Amino acid sequence: MIKQNLKSFIKYGILAGIIIIIFLSLQKMVVPRFSSTNIVDGFYQEKENDIDVLFMGSSNMFCTIDPVTLYEGYGIAAYDFGSSSQSLNISYLYLKEALKYQQPKIVVLEMLASNSDSYQKLPEEALRWGFSNLKFSPDKYITLYDELGKIDFEYLSYIFPLLRYKDRWSELSKEDFDYLRSDKTNYDKGFYGSSIITEEEVNFDYYNEKSDFELASSNIMALEKIIDLCSKNNIQLMFFKSPTAKNWNCSMSEAILNYSQKYNITFIDYNEYIDDLKLDLKKDFRDLGHLNITGAQKVTEHMGAYLSGNYQLPNRQLDKQGNSWDTALALRKR
Amino acid sequence: MLFNSFDFLVFFPIVVILYLGLPKRIRYIWLLIASYFFYTIWYGLITFLLVSFAWIFFRANSVSDAFQYIYRIFSDINPWTLFDGSLYTLGLEQKECMVLIVSIIILLLVDLVKFRRNQQLDVFLGEQCIWFRWGVLIILFFMTILFGIYGSGYNASQFIYFQF
């Protein structure tokens, strides 16, 4: 009897295993590859406990900080771990996820997300970009529930995005199949560089406008969780704001500065450094909200100098056995 | 068709005369065709045509549109649209038509199992070897997941009133 039960158990276990493998493979192929797909999939490929500085936040972060340039100039081993339009509570989720695999010495958080309420319902794309590629974890399910407010088909479709993107089956291309078996290492270390130069006129009129801005309580809650998590893991936290000609003004910077001073956290607002960095408003922006490659190089250079001058960070170019940043740099120069 | 109907009065002499006039080796084909007419196929066909015709009025935006469609059915003779890809612009793309054809074949096979072997599908599958059984289950499961009409983009009532 026991033998027969065991046999059935093994049989149905194998069937379930086959279904799960096919399901996950199909899901990987059918779900579109967002900018965050390469970032998150690449993050999971990183060697454990190898990253010294973790940059977090939305596209404003990963379009601004180029870890390969940081490594080339200062030997800093960094990774941009974020997703487009990321809210602060999702940044907290990303930090928790990152700490399962890495022990960074510094976490640098881009602050754009603090300009809106963290728990207001984000547009669907922002949630998809944020959640689709993270591994299964209770933290992910809890944050999802916080965002969606109920458990229904929509909730399920974030856990299994195949249910949302199934209609892409008729658009599948060779690249979709190849991606399954491809090396998912992100040799840009999360950076998304664009050579596009915006045709719109970039100016900082909006930045200079004052407004009645206060940090939303949901954002304060998320920031406090991030601060607490960093403190428990002996990680130094730093805030920065990328140069942006929209969605951010000086009152917001002031609110962040006040908040960061309360916790003795450094905050660099790069909107105040436009002239110092010699940012060319006609050439260094991809659009009104993001820098292009040349703009990113200038900000990254400043960030590298600041980090190496103010924190005890190892020069990883001296690693005896080489590292993945060496490979990334060699590929960049090829 | 009833024996005491007017239809049969016309039908029977035609069948007999043609039967006697046809060469012996193809008489059985004629008998088969006549039998189909005698039983229900005739009514089935008429019903199908009438319902299809009624759908034109059901789906058209106005009565004049419906008459316009009917007029065009008989005035615009364009059989090449069956071959030049026009059919794929009506709501189902080529790949979706392939899925439709495969699905109809599967449905046909299930019907065959039901009516030829007189078995329910689960009983039939239970008698097959494990590889066949699992293969069918896995294929049907993933076909349902991938091609199923569900999720945020679909509304069941839209499907019922075929707004596609």
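Naming: A, B, ... by sequence-line order, numbering from 1 per chain. Because the structure is predicted, anything quoted here is derived from the model rather than measured.
- More than 12 heavy atoms of other residues, nucleotides or ligands shown are found within 6.0 angstrom of NZ on A:K135.
- Using a 4.5 Å cut-off between heavy atoms, B:I138 contacts chain A through its side chain alone, with no backbone atom that close.
- A:R168 meets the side chain to side chain contact (heavy atoms under 4.5 Å, CB included) test with A:V30, A:P32, A:E171, A:L172, A:D176; sequence neighbours excluded.
- A cation-pi arrangement is present between A:K166 and B:Y150 under the rule of less than 6.0 angstrom and at most 45 degrees off the ring axis.
- A:F136 CZ: more than 12 foreign heavy atoms inside a 6.0 Å radius.
- Heavy atoms of other residues, nucleotides or ligands lying less than 6.0 angstrom from CE of B:M98 number 12 at most.
- Of the atoms belonging to A:S170, heavy atoms from both backbone and side chain fall under 4.5 Å from chain B.
- Neither the backbone nor the side chain of B:Q94 comes within contact range of chain A; no heavy atom of the residue lies under 4.5 Å from a heavy atom of that chain.
- Counting heavy-atom neighbours within 6.0 Å of A:Y192 OH, excluding the residue itself, gives a total of 12 or less.
- Under the rule for a ring-ring contact (aromatic ring centres under 6.0 Å, His included), the partners of A:W169 that lie at least two apart in sequence or sit in another chain are B:F147.
- Under a cut-off of 6.0 angstrom, the local environment of OH in B:Y28 is sparse, with at most 12 non-hydrogen atoms contributed by other residues, nucleotides or ligands.
- Of all heavy-atom pairs spanning A:D167 and B:L146, the tightest one is OD1-O, 4.5 Å.
- Considering only residues two or more places apart in sequence or on other chains, B:F8 meets the side chain to side chain contact (heavy atoms under 4.5 Å, CB included) condition with B:M1, B:F3, B:S5, B:F11, B:F12, B:F38.
- Applying a 4.5 Å heavy-atom cutoff, the residues of residues 16-24 of chain A that approach chain B are A:I18, A:I19, A:I22, A:F23.
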